[in-house]
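Remarks on the structure that follows.
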There are 2 protein chains.
Amino acid sequence: MFIIFDYMEPVTLKNIASELGISVTTASKALKNYPDVSPKTRKAVVDLAKKLNYTPNSFAVNLRTKESKIIGLIIPEIVHHFFSSVINAIIKKAEKKGYLVITLQSNESDKLEEKQIDLLLDKRVDGILMSLSNNRKDLSPLKKIIESETPLVLFDKISKVINCSKVIIDDRKAAYSATKHLINSGCKNIAHFRGPLNPQNSIDRFLGYKKAIEDYKLTFDKSLIYTCEKVTYKEGYNFAKQLHLSNKKVDAIFAITDLVAIGAITYFNEANIKIPEQISIIGFSNWFMASVISPSLSTVDQPGNEMGKTALKLLLKEIKATKKGKKIEYKTIVLPTDVICRNSTKK
Amino acid sequence: MFIIFDYMEPVTLKNIASELGISVTTASKALKNYPDVSPKTRKAVVDLAKKLNYTPNSFAVNLRTKESKIIGLIIPEIVHHFFSSVINAIIKKAEKKGYLVITLQSNESDKLEEKQIDLLLDKRVDGILMSLSNNRKDLSPLKKIIESETPLVLFDKISKVINCSKVIIDDRKAAYSATKHLINSGCKNIAHFRGPLNPQNSIDRFLGYKKAIEDYKLTFDKSLIYTCEKVTYKEGYNFAKQLHLSNKKVDAIFAITDLVAIGAITYFNEANIKIPEQISIIGFSNWFMASVISPSLSTVDQPGNEMGKTALKLLLKEIKATKKGKKIEYKTIVLPTDVICRNSTKK
DNA sequence: ATTAACATCGAAATCGATTTCGAAATAACC
DNA sequence: GGTTATTTCGAAATCGATTTCGATGTTAAT
């Protein structure tokens with residue numbers, strides 16, 4: 001039975017040292033394996049430290065070493081399969097490497113995003129990982145990170161202009177493959193439910209779609225492009241309805257996201273329109289539900305785990321380099337994507 | 001155009017003070033609105049601080065104030081709708097209150113969970129929020145948190161034995177309501193796809209189910225209980241198949257989770273068994289896909305956002321109390337749940 | 001015995017901000 | 001004028017760990 005005192009002495013080096021009648025210096029050295037400590041003294045210190053459950057005060061260590069061993073992560077949305085799998089990968093790997101992760105959600109607000117950057121810099125995190133909000137136009141907050149000499153790695157939703165490491169997929173190529181898959185299965189009039197006009201990956205997916213249409217001698221029809229503002233299930237549903245009621249001759253849809261695609265599928269199921277016989281649908285992301293919905297959704301696999309892992313790997317490398325005062329070489333890593341054929345498209 | 005020197009002087013109070021020819025003390029006081037600073041000096045300090053973009057070194061502040069302004073959060077799984085919405089709520093509200101959140105994922109491993117507790121205590125977070133892993137039996141790591149005088153609030157997956165604040169739903173009552181809903185719609189032979197044997201909420205949901213069966217004079221049949229080990233889509237699918245092939249007389253299923261329920265739905269859809277005509281299904285959680293699957297899934301709404309918010313509120317209150325040396329009153333808050341009727345059950 | 005080499009230790013500075021306490025200077029009062 | 005308030009400032013201690021550098025004492029070498 002332990003008696004807990006109202007005021008318990010904190011376990012510090014000072015305490016350990018005075019308990020053993022030695023100096024703080026020696027106690028510190030004993031625990032850090034300095035050579036100039038006698039075996040006897042070292043053992044005494046190590047034993048007492050273990051007995052008292054000593055752990056170095058991280059505040060003091062941070063101040064001394066100028067490292068926080070914390071990484072900042074800013075993403076637009078947490079409740080989102082792709083991002084939560086990225087977070088997952090980052091947190092796990094970071095922990096293994098001795099870093100903890102502070103996660104923030106910009107909620108697609110650029111103002112909030114800027115505040116969060118400041119918060120992380122004030123906390124003096126060792127590095128920052130970011131996937132940009134759709135609304136980001138002013139890049140000065142990002143430059144501020146770089147000027148503060150805090151390593152920065154952008155992933156997925158990046159800015160090409162910013163000079164730092166990046167991890168992305170080739171959205172244009174992936175969208176091209178998805179569209180090609182539709183064309184190869186015999187579709188000729190392919191609509192595109194695209195994302196908002198600003199974000200680079202939304203633009204790229206549109207361009208990939210368009211290129212495929214043109215490469216395969218189909219005619220690009222502007223009226224078959226529907227622009228999602230919030231990229232929601234509801235929008236997918238509504239655009240599918242609009243498309244259907246418009247009586248346009250369309251035999252396939254490439255949706256910016258699985259969520260949007262599933263919205264469309266739901267509408268067509270309700271309207272008794274057969275997928276893929278009457279209309280083929282392909283999504284983007286390959287989140288869990290794509291394999292579960294009926295019919296199961298063909299899609300482009302977007303490797304969230306891989307992206308998180310590589311982004312963190314790059315960041316840690318830069319943190320190490322910065323610490324040594326070495327120059328950093330910025331890399332842009334493009335991860336491969338695969339088209340996954342399921343039952344919402346013809347073979 | 002700025003010239004960036006190889007070695008930039010960090011902006012510290014010391015620098016500001018020496019620049020203005022005053023002491024560090026006065027500079028500090030000027031910025032913290034101490035009364036014993038002349039207006040002229042104060043203005044000079046404030047202006048220079050702004051000009052140089054001074055922010056106090058958080059490492060030093062932490063060391064001095066013994067606060068990190070960081071909260072630790074440990075959950076079993078991130079890629080999980082319920083938990084990601086909890087995280088979401090916590091992070092957002094914490095930020096508003098001036099706290100950042102370090103998130104860790106125990107991955108349902110008790111060993112990992114213990115390491116993570118140590119990590120957070122070593123980092124000297126101001127408080128810890130936890131949802132326990134299924135495998136937790138040894139409660140000493142939790143007691144360690146409490147003994148370290150770090151405020152702790154458990155939510156969702158809790159331990160009743162631990163003396164701290166808790167935020168939960170009444171799983172038993174919620175499961176009772178769900179089962180009652182099935183009974184009221186005319187079902188008489190109700191199977192239960194339950195969760196693992198250890199976790200309290202899995203036990204409680206089972207007990208709620210059983211109580212409803214007994215209260216309404218149906219016979220409890222042990223052979224209609226299927227125990228998920230990992231609570232996955234696949235298990236739901238497989239148990240549905242087993243159930244079907246066993247030729248047991250069953251007209252309804254109460255599944256521990258929407259995910260499991262959706263697994264079952266998928267199987268029955270494939271097997272051409274009509275829902276809810278031939279079999280009714282009700283899930284638990286109300287994650288997004290429940291409204292999207294076909295047929296849409298009746299379920300129990302588990303208020304993730306609300307839970308995150310209240311857990312954080314309790315924690316912040318305890319942090320404040322601890323700081324003032326006040327005694328903490330532990331509360332257990334039970335959040336209400338609703339049965340949501342959709343198309344997988346009869347009216 | 002004397003010097004050199006080595007082993008073992010600790011005082012003190014440092015990281016940067018905060019706060020206590022007292023000193024100095026000025027203003028206000030009788 | 002002398003005393004007391006008031007204003008304004010800064011030296012120094014503190015938070016806890018780390019690291020440099022110098023001081024001992026001990027042993028080995030000549």
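Bear in mind the structure is a predicted one, so any value in this text is a computation, not a measurement. FYI, side chains are in, hydrogens and waters are out, and symmetry mates aren't considered; it's all heavy atoms of this structure.
- At a threshold of 4.0 angstrom between heavy atoms, the contacts of B:Thr12 are confined to the sugar-phosphate backbone, with no base atom among them.
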- [ ] Check the pair A:Glu95 / B:Lys115 against salt bridge (Lys or Arg N to Asp or Glu O under 4.0 Å), numbers first and verdict last.
- [x] CA-CA 10 Å; A:Glu95 190 184 341; B:Lys115 269 188 205 155; over 6 Å; no
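- What separates NZ of B:Lys14 from P of C:dA17 is a distance of 10 Å, to the nearest Å.
- In this view, B:Glu108 and B:Lys157 satisfy the salt bridge (charged side-chain N to carboxylate O under 4.0 Å, His left out) rule, not counting sequence neighbours.
- Looking at heavy-atom distances under 4.0 Å, A:Tyr34 makes contact with sugar-phosphate atoms alone, never a base.
- What separates NZ of A:Lys40 from C1' of C:dA7 is a distance of 14 Å, to the nearest Å.
- Rounded to an integer number of Å, the gap from CD of B:Glu67 to P of D:dC15 is 16 Å.
- Comparing D:dA17, C:dC15, D:dT19 by their nearest atom to the side chain of A:Asn57 picks out D:dA17.
- Of the N and O atoms on the side chains of B:Ser23 and B:Thr26, at least one donor lies less than 3.5 Å from an acceptor on the other residue.
- A:Ser165 and A:Glu318 share a side-chain donor-acceptor pair at under 3.5 Å.
- The CG-P distance, from B:Leu13 to D:dC15, rounds to 19 Å in whole Å.
- Applying the salt bridge (charged side-chain N to carboxylate O under 4.0 Å, His left out) rule to B:Lys144 yields the partners B:Asp118; only residues at least two apart in sequence or on another chain are considered.
- Rounded to an integer number of Å, the gap from A:Lys32 NZ to D:dA17 C1' is 8 Å.
- For the 3.5 Å distance criterion, the side chains of A:Ser140 and A:Asp138 qualify, holding a donor opposite an acceptor.
- Nucleotides of DNA chain D nearest to A:Thr65 and B:Leu63 differ in position, and the one nearer the 5' end is that of B:Leu63.
- Rounded to whole angstrom, the span from the CG atom of B:Leu20 across to the C1' atom of D:dG10 amounts to 15 Å.
- At C:dG16, none of the side-chain N or O atoms of B:Tyr54 fall inside 4.0 Å of OP1 or OP2 (strictly under the cut-off).
- For the OP1/OP2 pair of C:dG16 and a distance below 4.0 Å, the side-chain nitrogens and oxygens of A:Lys66 include at least one atom meeting the criterion.
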Please enumerate all protein N or O atoms sitting under 3.5 Å from an N or O of nucleotides 9-11 of chain C, with distances to 0.1 Å.
{"residue": "C:dC9", "atom": "OP1", "partner": "A:Thr41", "partner atom": "OG1", "Å": "2.7"}
{"residue": "C:dC9", "atom": "OP2", "partner": "A:Ser38", "partner atom": "N", "Å": "2.8"}
{"residue": "C:dC9", "atom": "OP2", "partner": "A:Ser38", "partner atom": "OG", "Å": "3.2"}
{"residue": "C:dC9", "atom": "OP2", "partner": "A:Thr41", "partner atom": "OG1", "Å": "3.2"}
{"residue": "C:dC9", "atom": "N4", "partner": "A:Asp36", "partner atom": "OD2", "Å": "2.8"}
{"residue": "C:dG10", "atom": "OP2", "partner": "A:Ser23", "partner atom": "N", "Å": "3.0"}
{"residue": "C:dG10", "atom": "OP2", "partner": "A:Ser23", "partner atom": "OG", "Å": "3.1"}
{"residue": "C:dG10", "atom": "OP2", "partner": "A:Thr26", "partner atom": "OG1", "Å": "2.6"}
{"residue": "C:dG10", "atom": "O6", "partner": "A:Lys29", "partner atom": "NZ", "Å": "2.4"}
{"residue": "C:dA11", "atom": "N7", "partner": "A:Thr25", "partner atom": "OG1", "Å": "3.3"}
{"residue": "C:dA11", "atom": "N6", "partner": "A:Thr25", "partner atom": "OG1", "Å": "2.9"}

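- Look at B:Arg136 and B:Glu114 and you find a salt bridge, because one of the NZ, NE, NH1 or NH2 atoms lies within 4.0 Å of a carboxylate O, short of that distance.
- Mapping B:Ser28 and A:Pro35 onto DNA chain C by nearest heavy atom places A:Pro35 at the nucleotide closer to the 5' end.
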